[in-house]
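Taking it in order: structure first as structure tokens, then the write-up.
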Amino acid sequence: MTTTRRHRCAWAEDDPLMRDYHDKEWGVPQRDSRMLWEMLMLEGFQAGLSWITVLRKRDAFREAFAGFEPAIVARYDERDIERLMGNPGIIRARAKIQATIGGARIYLDMQDKGLSFSDFCWSFTDGQPILNDGKTWVATSPLSERISRELKQRGFKFVGPTIVYAWMQAVGIVNDHAIDCFRRSPGARSR
């Protein structure tokens, strides 16, 4: 009996956790506001590190940040920051922890003003994923630069163009699966 090997993006071939993340999550268009915000915050924690580091700590992050519920995280104070700084299960970077608390407050402010985070995120592509050519690897794009500027204007931190592009890939705003990857969707529009 012959089994067919499933082709996937090269970065997801070797590590079982990365492979599972790739096969089930990465590049799947995410429409849930809270999950979009969670992923943006986690991408911020990745700054200067590898994604596998964050992925291995994701459950601990979720526990430490109350399931990334913005209404809870927005109430965190200095005691919570100190508690998080002592948590070996997460990346203990004070500025990133503070950025996540601030990000929760911005998220809630947007919500209070009648703008869902999902609508905001997807407004840049008219609600449709953008399909990369599947051959070219980039770390930023004009769109990630634009979204980065908009996020910074709202007060978000750790949202530079590279972080934003990685987030766009993760949440499916841009489809950067390799041309031969089984997860590549032909239905997205090309950029």
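Just so you know, residue 1 is the first one in the sequence shown, and it goes up from there.
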Contact between [X] and [Y] at the side-chain level, heavy atoms closer than 4.5 Å - yes or no?
X      : Y      : result
Asp133 : Ile179 : no
Ile90  : Arg92  : yes
Trp51  : Leu42  : yes
Met110 : Ser116 : no
Tyr107 : Ser33  : yes
Arg154 : Arg149 : no
Arg184 : Leu131 : yes
Pro129 : Trp122 : yes

Ring geometry between Phe45 and Phe61 (parallel below 30°, tilted from 30 to 60°, perpendicular above 60°):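 Aromatic pair Phe61/Phe45 classed tilted.
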Mutual orientation of the aromatic rings belonging to Phe120 and Phe124 [parallel < 30°, tilted 30-60°, perpendicular > 60°]: perpendicular
Test of ring centre spacing under 6.0 Å for Trp11 and Trp26: yes
Worked verdict on Tyr21 versus Asp15 for side-chain hydrogen bond (donor to acceptor under 3.5 Å, both in side chains): CA-CA 10 Å; Tyr21 171 69; Asp15 185 281; over 6 Å; no
Where do [X] and [Y] come nearest, in terms of heavy atoms and distance?
X      : Y      : answer
Met85  : Ala93  : SD-C, 4.0 Å
Gly103 : Met41  : CA-SD, 4.4 Å
Glu145 : Pro161 : CG-CB, 3.8 Å

Is there a donor-acceptor pair under 3.5 Å between the side chain of [X] and the backbone N or O of [Y]?
X      : Y      : answer
Ser118 : Arg31  : yes
Asn87  : Gly89  : yes
Lys157 : Thr100 : no
Ser148 : Val159 : yes

If you group Ile, Leu, Val, Met, Phe, Trp and Tyr by side-chain heavy-atom gaps below 4.5 Å, do [X] and [Y] land in one group?
X      : Y      : value
Met168 : Val28  : no
Phe158 : Leu49  : no
Ile163 : Ile101 : no

Arg8/Asp23 ion pair, N-O < 4.0 Å: yes
Salt bridge Lys113-Asp109, side-chain N to carboxylate O under 4.0 Å: yes
Steps toward side chain to side chain contact (heavy atoms under 4.5 Å, CB included) verdict (His22, His177): CA-CA 9 Å; His22 170 275; His177 284 285; 3.2 Å; yes
Within this structure, what is the [atom1]-[atom2] distance for the pair [X] and [Y], rounded to the nearest 0.5 Å?
X      : Y      : atom1 : atom2 : value
Thr162 : Glu43  : OG1   : CD    : 11.0 Å
Thr125 : Ile130 : OG1   : CD1   : 5.5 Å
Ile97  : Leu84  : CD1   : CG    : 5.0 Å
Gln30  : Trp167 : CD    : CH2   : 10.5 Å

Pairs flagged by side chain to side chain donor-acceptor pair (under 3.5 Å) wherever residues 58-67 is involved - sequence neighbours left out: Glu25-Arg58, Glu38-Arg62
Ile147 vs Leu143, side chain to side chain contact (heavy atoms under 4.5 Å, CB included): CA-CA, chis, key distance, verdict: CA-CA 6 Å; Ile147 295 171; Leu143 182 58; 3.9 Å; yes
Cation-pi, Tyr76 ring and Arg105 (6.0 angstrom, 45 degrees): no
Side chain to side chain contact (heavy atoms under 4.5 Å, CB included) assessment of Ile173 paired with Cys121: CA-CA 8 Å; Ile173 291 173; Cys121 296; 4.2 Å; yes
Residues Ile91, Lys57; criterion side chain to side chain contact (heavy atoms under 4.5 Å, CB included); working and verdict: CA-CA 8 Å; Ile91 296 162; Lys57 294 176 175 282; 4.0 Å; yes
Set of residues satisfying side chain to side chain contact (heavy atoms under 4.5 Å, CB included) with respect to Ala10, sequence neighbours excluded: none
Step-by-step salt bridge (charged side-chain N to carboxylate O under 4.0 Å, His left out) determination, Glu82 to Arg94: CA-CA 9 Å; Glu82 291 306 318; Arg94 183 175 298 275; 2.7 Å; yes
